[in-house]
Number of protein chains: 2
Amino acid sequence: MPRAQKAPARRRAPEARPAQILEAALDVFAEKGLADARIDDIAERAGIAKGTIYLYFPTKDDLFRAVIRGTVVAELERAEVARTASPHGLGLESFLTAYWRFICSPTFERVHRFLVADLPNFPDLARFYADEVTLRGHRLVAALVQRGIEQRLYRDVDPSAAARIIMSIFVMHGVLRTKRHNLPHIAALSDEQLFDQMLDFVRAALGASHS
Amino acid sequence: MPRAQKAPARRRAPEARPAQILEAALDVFAEKGLADARIDDIAERAGIAKGTIYLYFPTKDDLFRAVIRGTVVAELERAEVARTASPHGLGLESFLTAYWRFICSPTFERVHRFLVADLPNFPDLARFYADEVTLRGHRLVAALVQRGIEQRLYRDVDPSAAARIIMSIFVMHGVLRTKRHNLPHIAALSDEQLFDQMLDFVRAALGASHS
DNA sequence: ATATAATGACTGACCAGTCAGTAAGTATTG
DNA sequence: CAATACTTACTGACTGGTCAGTCATTATAT
């Protein structure tokens with residue numbers, strides 16, 4: 001027979017709960033990793049009781065999956081926006097600008113860690129991510145490089161290789177920038193400076209004829 | 001009063017134990033990550049009993065630290081070898097060849113995962129790694145680029161930025177190559193082909209005058 | 001004999017997941 | 001427009017399993 005004395009303003013909001021839980025879960029998973037994240041922590045951060053989480057997500061794994069899918073979908077939507085935002089317009093460089101802006105957002109920082117750390121334990125999610133994010137991004141960039149070549153903006157490089165290398169540079173720098181505090185050779189550089197340096201390098205590699 | 005019936009060929013080898021334990025621990029940590037690795041698993045893989053591990057390493061964390069330091073030291077030694085192997089010789093490209101060979105080794109693959117996943121939980125180790133590996137590698141590459149510029153092999157780029165970007169490409173490709181099975185756009189490419197593509201890109205970016 | 005190496009059953013802490021119980025909201029009735 | 005029963009959202013103490021770390025005991029070596 002459980003005691004029940006204090007009733008600290010309990011709220012009912014079944015529509016809002018899932019999003020609320022996912023947000024708290026993203027925070028805690030990103031901070032601690034899947035294994036070290038406690039369901040109690042997530043509940044506390046969401047301002048609800050532990051049991052409530054289990055009304056909406058059957059297990060911790062399912063919650064984790066939902067978080068990944070949620071953030072990945074968000075990432076894809078941004079990519080779509082970036083693609084359609086420049087209809088047949090500015091090409092590779094404007095895409096990279098938008099891409100870098102995304103990489104510098106808190107979402108990227110929070111997602112990246114358990115992308116590397118925990119995704120290998122979820123082969124189906126890893127596959128989903130590879131297909132829907134990595135590969136899609138690669139195809140998009142490769143197409144932009146290809147178009148640049150056709151327009152004689154770039155020399156005749158292998159678009160697929162160039163795309164892969166360019167993405168590598170940007171993603172890795174997205175990781176590095178979050179570790180500035182430990183890395184004296186980056187500490188003083190702003191995100192904009194990093195972007196400019198990367199763009200210079202890429203332009204030169206692609207043999208861009210004009211600045 | 002514990003029972004003790006079977007004595008399956010107990011061996012005494014106090015000198016060999018630490019290395020034996022570290023090797024088993026590296027395997028298990030790499031496979032499962034810090035949190036999911038069981039001391040019992042490590043003991044079993046090493047062919048000894050759990051208690052024996054605690055004769056040599058006071059806690060699981062200490063064991064993990066020892067594994068990191070061990071592998072990082074190994075990595076540094078290879079870098080030293082690579083540096084001294086080309087006295088004032090072939091410069092950047094020969095270093096990158098050796099570096100890529102290291103990146104393609106099993107050690108890199110096993111170490112990288114918990115470098116990203118678990119190191120954030122060990123600020124002192126992260127600092128150590130940043131100083132002794134990342135920064136040292138960066139300085140070395142930057143110096144090689146600098147020398148290339150002085151020798152008029154490369155155009156007048158920012159050596160620090162170029163070094164950082166080159167390292168980014170190589171490290172990221174070290175990660176990608178281990179995920180080939182999920183990535184159709186790399187699956188068919190050999191490590192050598194990846195290296196050639198990266199080198200082409202870098203050469204072009206540095207404005208290398210001859211192939 | 002004595003010292004040292006090794007063992008593995010055990011303990012204590014931790015935590016995912018459960019469920020009996022409580023509060024908030026809604027429908028029904030007089 | 002109560003008082004009532006009924007439904008649904010939520011709670012948090014509890015359970016059962018897992019595992020890091022301990023230590024009394026046993027094996028080997030000298």
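Residue numbers begin at 1 in each chain, while the letters A, B, ... track the order of the sequences.
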Polar pairs (N or O, both sides) under 3.5 Å between protein and nucleotides 18-22 of chain D?
| unit_1 | atom_1 | unit_2 | atom_2 | d |
| --- | --- | --- | --- | --- |
| D:dC19 | OP1 | B:Arg38 | NE | 2.6 |
| D:dC19 | OP1 | B:Arg38 | NH2 | 3.1 |
| D:dC19 | O5' | B:Arg38 | NE | 3.4 |
| D:dA20 | OP1 | B:Ala37 | O | 3.2 |
| D:dA20 | OP1 | B:Arg38 | NH1 | 3.3 |
| D:dA20 | OP1 | B:Lys60 | NZ | 3.3 |
| D:dA20 | OP2 | B:Ile39 | N | 3.1 |
| D:dA20 | N7 | B:Lys50 | NZ | 2.8 |
| D:dG21 | OP2 | B:Tyr54 | OH | 3.1 |
| D:dG21 | OP2 | B:Lys60 | N | 2.7 |
| D:dG21 | N7 | B:Lys50 | NZ | 3.1 |
| D:dG21 | O6 | B:Lys50 | NZ | 2.9 |

Indicate yes or no: does A:Asp191 engage A:Arg180 in a salt bridge with an N to O separation below 4.0 Å. yes
Send over the distance from A:Ile53 CD1 to C:dC19 C1', rounded to a whole Å. 16 Å
Any ion pair linking B:Arg203 and B:Glu93 (charged N to carboxylate O, less than 4.0 Å)? yes
Mind calculating the distance between CD (A:Glu15) and C1' (D:dA9) to the nearest angstrom? 11 Å
Mind checking whether A:Phe170 and A:Val141 have side chains closer than 4.5 Å, heavy atoms only? no
If you take the centroid of each ring, where Trp contributes its six-membered ring, are A:Phe122 and A:Phe128 closer together than 6.0 Å? no
Could you tell me if the side chain of B:His173 sits less than 4.5 Å from the side chain of A:Ile165, heavy atoms only? yes
Spacing between A:Phe57 atom CZ and D:dA9 atom C1', to the nearest angstrom: 15 Å
Rounded to whole Å, the CD-C1' distance (A:Glu44 to D:dT11) equals 15 Å
B:Ile48 atom CD1 is separated from D:dA27 atom C1', nearest whole Å, by 16 Å
Whole angstrom value for the distance that separates P of C:dA5 from CD1 of B:Ile21: 13 Å
With the side chain of A:Arg17 defined as its heavy atoms from C-beta on, choose the nearest nucleotide among D:dT11, D:dC10, C:dA6. D:dC10
Is any NZ, NE, NH1 or NH2 atom of the basic residue among B:Arg113 and B:Asp118 found under 4.0 Å from an Asp or Glu carboxylate oxygen of the other? no
Taking any heavy-atom pair under 4.0 Å as a contact, classify B:Tyr56: base, sugar-phosphate, or nothing. sugar-phosphate
